[in-house]
Amino acid sequence: MNLFELPYAVKDFYGPSLYEHLKGWDDSLMDYNPDFYQFTSIFFSTIGIAIIAFLLFYYIINSPRFNRWWSWLIVLLASMVFAYGFGFQVINVDIVHNDIAPSLVSQIGRSNAILFGLYNSLFCGLVFFLLSEAFRWWSRNCKHSPWTLLPTKLNNGRHE
């Protein structure tokens with residue numbers, strides 16, 4: 001298994017046939033065609049969406065007004081919506097253009113595209129969360145988002 005398909009290994013969520021398609025199954029070769037392998041581009045695009053959302057919240061906007069848990073949640077949900085749209089559209093384009101191997105085409109439908117988009121959005125949300133936990137400390141105004149640290153809450157309580 002390739003590193004780029006590892007996050008998408010729960011193929012029962014969106015369908016094993018779709019997993020085979022994304023891995024590059026080609027009926028004429030009766031094997032996987034590396035030219036049709038799509039996990040690398042999906043992986044990097046999803047990671048890119050999460051990184052852009054992270055940088056946008058913690059380092060570009062970086063406003064004291066935007067330093068709230070609900071602001072962080074808005075950015076998280078927005079990144080998940082973009083990742084959903086991207087994941088759905090990758091599959092939908094293949095369905096519309098009939099770019100699926102004939103042995104798999106009857107087993108892949110719009111519901112698989114919806115589930116793959118949902119799976120991709122959950123993966124993006126996880127990456128955004130992990131980035132937030134690992135690298136938020138260098139942000140000037142948002143380093144305590146999405147939750148304020150206990151010492152900060154205690155210090156703020158003394159000044160009131």
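Positions are given from 1 along the sequence. In this text the structure is predicted, and so the values were computed from the model without any measurement. Every heavy atom of this structure was used, including side-chain atoms; hydrogens, water molecules and symmetry mates were not.
Using modelled atom types, no side-chain atom of S121 and backbone atom of Y84 make a donor-acceptor pair closer than 3.5 Å. The main-chain N or O of S17 is never found under 3.5 Å from a side-chain atom of H21 such that the two would form a donor-acceptor pair. When atom types are taken as modelled, the side chain of S41 and the backbone of Q38 share a donor-acceptor pair closer than 3.5 angstrom. Without hydrogens or angle criteria, N62 side chain to N141 main chain gives a donor-acceptor distance under 3.5 Å. The main-chain N or O of S103 is found under 3.5 Å from a side-chain atom of D27 such that the two form a donor-acceptor pair. For the pair S79 (side chain) and L76 (backbone), a donor-acceptor distance under 3.5 Å is present.
Distance check: L131 CG to L126 CG gives 9.5 Å after rounding to the nearest 0.5 Å. I100 CD1 to L18 CG: the interatomic distance, rounded to the nearest 0.5 Å, is 7.5 Å. We find the CZ-OH distance between F13 and Y119 to be 8.5 Å, quoted to the nearest 0.5 Å. Put simply, CD1 on I51 and OG1 on T46 are 11.0 Å apart, with the number rounded to the nearest 0.5 Å. With rounding to the nearest 0.5 Å, the separation of NZ in K23 from CG in N2 is 9.0 Å.
Note on I49: it does not cluster hydrophobically with V93, by side-chain heavy-atom contacts below 4.5 Å among ILVMFWY residues. Cluster annotation: I52 is not connected to F123 through the hydrophobic network of ILVMFWY side chains, with a link wherever side-chain heavy atoms come within less than 4.5 Å. F36 and M30 fall into different hydrophobic clusters, where Ile, Leu, Val, Met, Phe, Trp and Tyr are joined by side-chain heavy atoms under 4.5 Å apart, directly or via other members. V81 and L122 fall into different hydrophobic clusters, where Ile, Leu, Val, Met, Phe, Trp and Tyr side chains are chained together by heavy-atom contacts under 4.5 Å. Residue F135 is grouped with residue L56 when hydrophobic side chains (ILVMFWY) are merged at heavy-atom distances under 4.5 angstrom, including chains of intermediate members.
For the 3.5 Å distance criterion, the side chains of N112 and Q107 fail to qualify, holding no donor opposite an acceptor. W25 and Y19 share no side-chain donor-acceptor pair at under 3.5 Å.
Within a 6.0 Å radius of CZ in F82, no more than 12 heavy atoms belonging to other residues, nucleotides or ligands are found.
Side-chain contact between L118 and F88 is absent, with no heavy atoms from C-beta onward closer than 4.5 Å.
The minimum heavy-atom distance linking A50 with F128 is given by the pair O-CD1, 3.8 Å. In terms of heavy-atom proximity, L29 sits nearest to N33 at CD1-CB, 3.9 Å. Closest approach of A113 and I95 over heavy atoms only: CB-CD1, 4.5 Å. For the residue pair V75 and A53, the shortest heavy atom distance occurs at CG1-O, 3.6 Å. Counting all heavy atoms, side chain and backbone alike, F57 lies closest to R68 at CZ-O, 4.5 Å.
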- Message: Evaluate F66 against W72 for side-chain contact (heavy atoms from CB on, under 4.5 Å), listing each step before the verdict.
- Response: CA-CA 8 Å; F66 208 60; W72 180 86; over 6 Å; no
- Query: What do the steps show when you test L22 against I91 for side-chain contact (heavy atoms from CB on, under 4.5 Å), and what is the final call?
  - Reply: CA-CA 9 Å; L22 293 173; I91 309 307; 3.6 Å; yes
- Message: Show, in sequence, the C-alpha distance, side-chain angles and deciding distance for N120 and I42, and conclude whether the side-chain contact (heavy atoms from CB on, under 4.5 Å) test is met.
- Response: CA-CA 9 Å; N120 200 46; I42 294 169; 3.9 Å; yes
- Any chance you could lay out the side-chain contact (heavy atoms from CB on, under 4.5 Å) test for V96 and N92, step after step, and finish with the verdict? CA-CA 6 Å; V96 169; N92 192 45; 4.0 Å; yes
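Across F4, Y32, Y8, a single residue satisfies ring-ring contact (aromatic ring centres under 6.0 Å, His included) together with F39, and that is Y8. Of the candidates W137, F54, W138, F54 is the only one forming a ring-ring contact (aromatic ring centres under 6.0 Å, His included) with Y59.
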